Amino acid sequence: RMREAAEEATFSGKLRRAIHRGDRDLISLAEVAGTTPVHLSEFLAGDRTLRSDVLDRLVMALGAKLVVSEAQ
């Protein structure tokens, strides 16, 4: 299930791939993001969504960049 969730062509799928490629362990990443390791694991499996503030902190903790492009 984790592989399927990471392969989604969505923002969440891209974030999951960045988490898997990162060098931080789940516990420290969850702590920095302000969530629990269980919630983060459930997100990685595609069983849970995360609040937008948690997503923002995950992006920052990973050193990633969120780019939003408006449709024309």
Side-chain angles (χ1 to χ4, degrees):
R1 285 188 359 223
M2 280 193 178
R3 181 178 299 152
E4 260 182 44
E7 291 175 357
E8 289 177 1
T10 63
F11 168 77
S12 292
K14 289 180 182 182
L15 185 56
R16 288 178 184 113
R17 289 190 292 278
I19 291 169
H20 289 303
R21 284 192 308 263
D23 58 357
R24 294 186 90 140
D25 64 273
L26 200 66
I27 294 170
S28 68
L29 189 57
E31 184 176 301
V32 169
T35 191
T36 67
V38 170
H39 288 173
L40 187 54
S41 179
E42 290 172 345
F43 169 74
L44 291 171
D47 294 331
R48 170 183 282 275
T49 59
L50 297 174
R51 294 187 328 251
S52 60
D53 61 316
V54 174
L55 294 172
D56 289 343
R57 287 190 294 269
L58 277 173
V59 170
M60 288 183 359
L62 294 167
K65 182 177 174 183
L66 173 60
V67 177
V68 177
S69 159
E70 293 185 33
Q72 301 277 331

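All values reported here derive from a predicted model rather than from experimental measurement.
Between R17 and E8 the shortest heavy-atom distance is NH1-O, 3.2 Å. Across R57 and A33, no two heavy atoms sit closer than the pair NE-O, 2.7 Å. Closest approach of L40 and A30 over heavy atoms only: CD2-N, 3.8 Å. Taking every heavy atom of both residues into account, L50 and L55 meet most closely at O-CD1, 3.7 Å.
No more than 12 heavy atoms of other residues, nucleotides or ligands lie within 6.0 Å of CD1 in I27, so this atom counts as exposed by the packing criterion.
Under the 4.5 Å side-chain heavy-atom criterion for ILVMFWY residues, a single connected hydrophobic cluster contains both L26 and F43.
Evaluation of the salt bridge (Lys or Arg N to Asp or Glu O under 4.0 Å) test over residues 24-40, restricted to residues two or more places apart or in two chains, returns none. The salt bridge (Lys or Arg N to Asp or Glu O under 4.0 Å) pairs that include a residue from residues 34-45 are E42-R48, where partners are two or more places apart or lie in different chains.
A distance of 7.5 Å separates CG of D56 from CG of L66, quoted to the nearest 0.5 Å. I19 CD1 to L44 CG: the interatomic distance, rounded to the nearest 0.5 Å, is 5.0 Å.
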Can you list the steps and then say if L15 with L62 is a side-chain contact (heavy atoms from CB on, under 4.5 Å)?
-> CA-CA 9 Å; L15 185 56; L62 294 167; 3.6 Å; yes
